[in-house]
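Down below is the structure, laid out as structure tokens.
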2 protein chains.
Amino acid sequence: MKDMTTGLRERKRLATKHSIQEKALDLFDERGFAAVTIEEIAEAAEVSPSSVYRYFGTKEQLIVADDFADLSQEALDHILDPHDPLGTARRIVADYESTPAGVNAAEGAGKSPWRRVHYFFQEPTVRLAVYASLDEASSRIAASLLSRQGMSEAKARVAAHAFVFGYFAALEQWHVDGGKRPIVDYVDDGMAVLREIWTNPDR
Amino acid sequence: MKDMTTGLRERKRLATKHSIQEKALDLFDERGFAAVTIEEIAEAAEVSPSSVYRYFGTKEQLIVADDFADLSQEALDHILDPHDPLGTARRIVADYESTPAGVNAAEGAGKSPWRRVHYFFQEPTVRLAVYASLDEASSRIAASLLSRQGMSEAKARVAAHAFVFGYFAALEQWHVDGGKRPIVDYVDDGMAVLREIWTNPDR
DNA sequence: ATAATTCTGACAGTCACTGTCAATAATTTT
DNA sequence: AAAATTATTGACAGTGACTGTCAGAATTAT
């Protein structure tokens, strides 16, 4: 068995995936999410429609990709502080803002890492895809909360959902506000309401 | 202008809608949600596929219908206690359990009002449709919270999302547990974690 | 070089969903 | 009661996301 992470095949794979997503975002920016078909994206990226589906599964995933899902369980455990949801949220923002890999980096200037986020709030189907992604993140957080805190399964589930979807709500406030102030400000403000949720198992 | 709520036309409308949903649920129970097509539902209900779409819009809405959305803003304000999310959640459960209208009532015994809820957790697409519905409920709750409490818009949004999706998480715990204990137990347990969220604007 | 494995594009098909239109049924007006 | 108005219906044609299959091409292992 060989390396599997540096081979030509793997490099091509990543390059292709990156290229597809980039071309797709360009088209979306030009003509709007709904008005672009998978076939057109495939043509622009010089691959077959089959490949687009192979790489992304759904049209929405071209935007949502793996903002949360690609966090490994270990990385999650590292970022997660069961006593401080607000700090955890800040860390997630910071983490995302400095992400060196993915579609956001690797391209020149001018394109904010938050470019894709706009679609979260503009396209209802994309929003739902994000919710599906938040859902997955939540169950991993709940598992972590359950094993590290003494809370019941019900409490762990509720706390995780409250945190993850609350975080999204804070993001939305940023978006509604036109993105004037930095995101972390809105997270600080909004998530303060959850401050003590994770702390004490029985209150 | 006439009554508009008792006319023959309106009665037929409701009867048809009810019938479609009932037949659809029967088919889903028999063969599973994904395996049933709209065309088959239309045939079973003796209407055209067009009518199914006219009444429900999407396949998922045949199950989700209007569990939350049909609460008027006034009814919501009545049920909502900005100082007590747990009590509010209990009231929503009680309200739903005693619902006299809709698909749940109006048919004989044997069918629990929670029959449709199972699909929330079994069919991913239905779950997402529920999330869309929760989303709408959340924005109305946030509006109410914003006007009645002194919190910032960000806090109101986060609190509403945390409440609504937390409530769903509690429901899921009930479902995962096989529905042994009554739902209100799981709500009591899980939602306790949110107890003081709505109360104080700046903590 | 050859064999095994993986990736790709082509193709055919399903089904949710949209929009339009003429026929029909209910309601209002005369 | 008939006519005019309005709402509801089914038929129809279409779009596009998504699935499954399969043979050929590219990469990797022997």
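Convention: sequence-line order gives letters A, B, ...; per-chain numbering from 1.
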Looking for any heavy atom pair under 4.0 Å, which part of the strands does A:Tyr55 touch: base, sugar-phosphate only, or nothing?
-> sugar-phosphate
Could you please name the option among D:dC18, C:dG9, D:dT8 that lies closest to any side-chain atom of A:Val47?
-> C:dG9
B:Lys17 NZ to D:dA7 C1', in whole Å, measures 17 Å
Write down the atom of B:Leu194, the atom of B:Ala162, and the distance for their closest heavy-atom approach.
-> CD1-O, 3.7 Å
Separation of atom CZ in A:Arg13 from atom P in D:dT28, rounded to whole Å | 13 Å
Assign each of B:Ala34 and A:Arg54 to its nearest nucleotide of DNA chain C by heavy atoms, then name whichever residue's nucleotide is nearer the 5' end.
-> A:Arg54
Between D:dT9 atom C1' and B:Ile20 atom CD1, what is the distance in whole Å?
-> 11 Å
Aromatic centroids of A:Phe121 and A:Phe168 separated by under 6.0 Å = yes
Mind checking A:Thr37 for me? I need base, sugar-phosphate or nothing, with any heavy atom below 4.0 Å counting as a touch.
-> sugar-phosphate
Please check the phosphate of C:dA26 (OP1 and OP2 only) for any side-chain N or O of B:Lys12 closer than 4.0 Å.
-> yes
Would you check if the side chain of A:Asp177 reaches a backbone N or O of A:Gly179 as a donor-acceptor pair within less than 3.5 Å?
-> no
B:Glu10 has an atom CD; how far is it from atom P of D:dT8, in whole Å?
-> 8 Å
Write down the distance between CD (B:Gln61) and C1' (C:dT18), rounded to a whole number of angstrom.
-> 17 Å
Verify whether one side chain among A:Asp189 and B:Ser152 offers a donor that lies under 3.5 Å from an acceptor in the other.
-> yes
Can you tell me if the side-chain N/O atoms of B:Ser51 get under 4.0 Å from OP1 or OP2 in D:dG10?
-> yes
Which part of the nucleic acid does B:Val36 contact within heavy-atom distance under 4.0 Å: base, sugar-phosphate only, or nothing?
-> sugar-phosphate
Using whole Å, report how far CD of A:Glu40 lies from P of D:dT15.
-> 13 Å
Taking the side chain of A:Tyr53 as heavy atoms from C-beta outward, which of D:dC12, D:dA17, D:dG20 is closest to it?
-> D:dA17
For atom CD of B:Glu39 and atom C1' of D:dA11, their distance in whole Å = 12 Å
Counting distance only, does the side-chain N/O of A:Gln21 pair as donor-acceptor with the main-chain N or O of A:Leu62 below 3.5 Å?
-> yes
Where the side chain of A:Arg9 is defined as all heavy atoms beyond and including C-beta, which of D:dA26, D:dT9, C:dC17 is the nearest nucleotide?
-> D:dA26
A:Glu43 CD to C:dA10 C1', in whole Å, measures 15 Å
